[in-house]
Visitor: 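This structure is in structure tokens; I'll ask about it shortly.
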Amino acid sequence: MRTVILTAIASAIALFPVAGPQLKPLDEAGYRRVIDAHKGTVLLVDFWATWCSPCLEELPLLVRLGEKYRGKGLRLVTISCDETSDEPRARQLIEKHKAQPGYLKQAPDDEKFINSVDPKWSGALPGLFLYDRRGRLVRSFIGEADMTALESAIRQLL
């Protein structure tokens, strides 16, 4: 009897493996909710993808920057722009770098989503967007960011 129960438990575990951090799907309305939920803090939003080399280089630097200023009110949110089929790799990178919370952009209309973030943004990656404590976008860093300029902009808002 005990063997049957243990076999059943092992089978159930195999069917439902424990996953790493989940990437929550995010559309335009969800993005606005994320911004609103972080009012009262300075928010840095990182749009990245697993196929983007500069994104992968920046991710650990951004996490360290987030940790450095967390006590002063900075929050980092990461949003993967990967296809759903690449989500497992994106989750692995989020887990590896401890870059939570993590989201996966899943908008039916990419252009509409991009314009909801910043009408001046083309969707190029990496894309960093810095929001003040009132939830207003104050600065965008498109392409490889100058970390010194980014940190300076963050310090000004803190």
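Residue numbers run from 1 in the order of the sequence given. Since the structure is predicted, the reported quantities are computational estimates derived from the model, not experimental observations. All values below were derived from every heavy atom in this structure, side-chain atoms included, with hydrogens, water molecules and symmetry-related copies excluded.
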Visitor: Which side chain to side chain donor-acceptor pair (under 3.5 Å) pairs, counting each pair once, include a residue from residues 127-140, with sequence neighbours left out?
Guide: Tyr31-Tyr131, Asp118-Ser140, Asp132-Arg136

Visitor: Of the non-hydrogen atoms in Leu23 and Ser80, which two are nearest, and what is the gap between them?
Guide: CD1-CB, 4.4 Å

Visitor: Check the hydrophobic clustering (I, L, V, M, F, W, Y; side-chain heavy atoms under 4.5 Å; chains of links allowed) and say if Leu158 and Met147 are grouped together.
Guide: yes

Visitor: Is there a side-chain contact between Pro25 and Leu104 (heavy atoms, below 4.5 Å)?
Guide: no

Visitor: Is any side-chain heavy atom of Ile79 closer than 4.5 Å to a side-chain heavy atom of Val34?
Guide: no

Visitor: Within the side chain of Thr78, is there an N or O that forms a donor-acceptor pair under 3.5 Å with the backbone of Asp46?
Guide: no

Visitor: What is the minimum heavy-atom distance between Pro108 and Glu28, and which atoms define it?
Guide: CD-OE1, 4.4 Å

Visitor: Please answer: with hydrophobic residues joined when any side-chain heavy atoms are less than 4.5 Å apart, are Leu43 and Val138 in the same cluster?
Guide: no

Visitor: What are the two closest non-hydrogen atoms of Leu125 and Ala49, and how far apart are they?
Guide: CD1-CB, 3.8 Å

Visitor: Scan the side chains in residues 53-67 for donor-acceptor partners under 3.5 Å anywhere in the protein, sequence neighbours excluded, and list what turns up.
Guide:
unit_1, atom_1, unit_2, atom_2, d
Glu58, OE2, Ala145, N, 2.6

Visitor: Side-chain contact test, heavy atoms from C-beta onward, threshold under 4.5 Å: evaluate it for Leu44 versus Ile154 and give yes or no.
Guide: yes

Visitor: Please collect all salt bridge (Lys or Arg N to Asp or Glu O under 4.0 Å) contacts where either partner lies in residues 102-116, sequence neighbours excluded, each pair once.
Guide: Lys105-Asp110

Visitor: Which pairs count as ring pair (Phe, Tyr, Trp, His ring centres under 6.0 Å) when at least one residue sits in residues 48-74, sequence neighbours excluded?
Guide: none

Visitor: Drop me the distance from Leu157's CG to Leu130's CG, to the nearest 0.5 angstrom.
Guide: 5.0 Å

Visitor: Closest heavy-atom contact between Asp27 and Gln106?
Guide: CB-O, 3.9 Å

Visitor: Strictly by salt bridge (Lys or Arg N to Asp or Glu O under 4.0 Å), give each pair with a member in residues 68-86 just once, sequence neighbours left out.
Guide: Lys68-Glu151

Visitor: Any non-hydrogen side-chain atom of Glu87 less than 4.5 Å from a side-chain atom of Arg91?
Guide: yes

Visitor: Roughly how far, to the nearest 0.5 Å, is the NZ atom of Lys39 from the CD1 atom of Ile35?
Guide: 10.0 Å

Visitor: Considering only heavy atoms from C-beta outward, does the side chain of Ser122 approach that of Ile114 to under 4.5 Å?
Guide: no

Visitor: Quick one: closest heavy-atom pair of Ala124 and Ile142, and the distance?
Guide: CB-CG2, 3.9 Å

Visitor: When clusters are formed by joining ILVMFWY residues with side-chain heavy atoms under 4.5 Å apart, either directly or through shared neighbours, do Leu137 and Leu76 land in the same one?
Guide: no

Visitor: Just by distance, do the side chain of Ser152 and the backbone of Ala149 share a donor-acceptor pair under 3.5 Å?
Guide: no

Visitor: Applying ring-ring contact (aromatic ring centres under 6.0 Å, His included), name anything that partners Trp121, two or more places apart in sequence or on another chain.
Guide: Phe47, Phe129

Visitor: Transitively linked via ILVMFWY side-chain contacts under 4.5 Å: Leu74 with Phe141?
Guide: yes

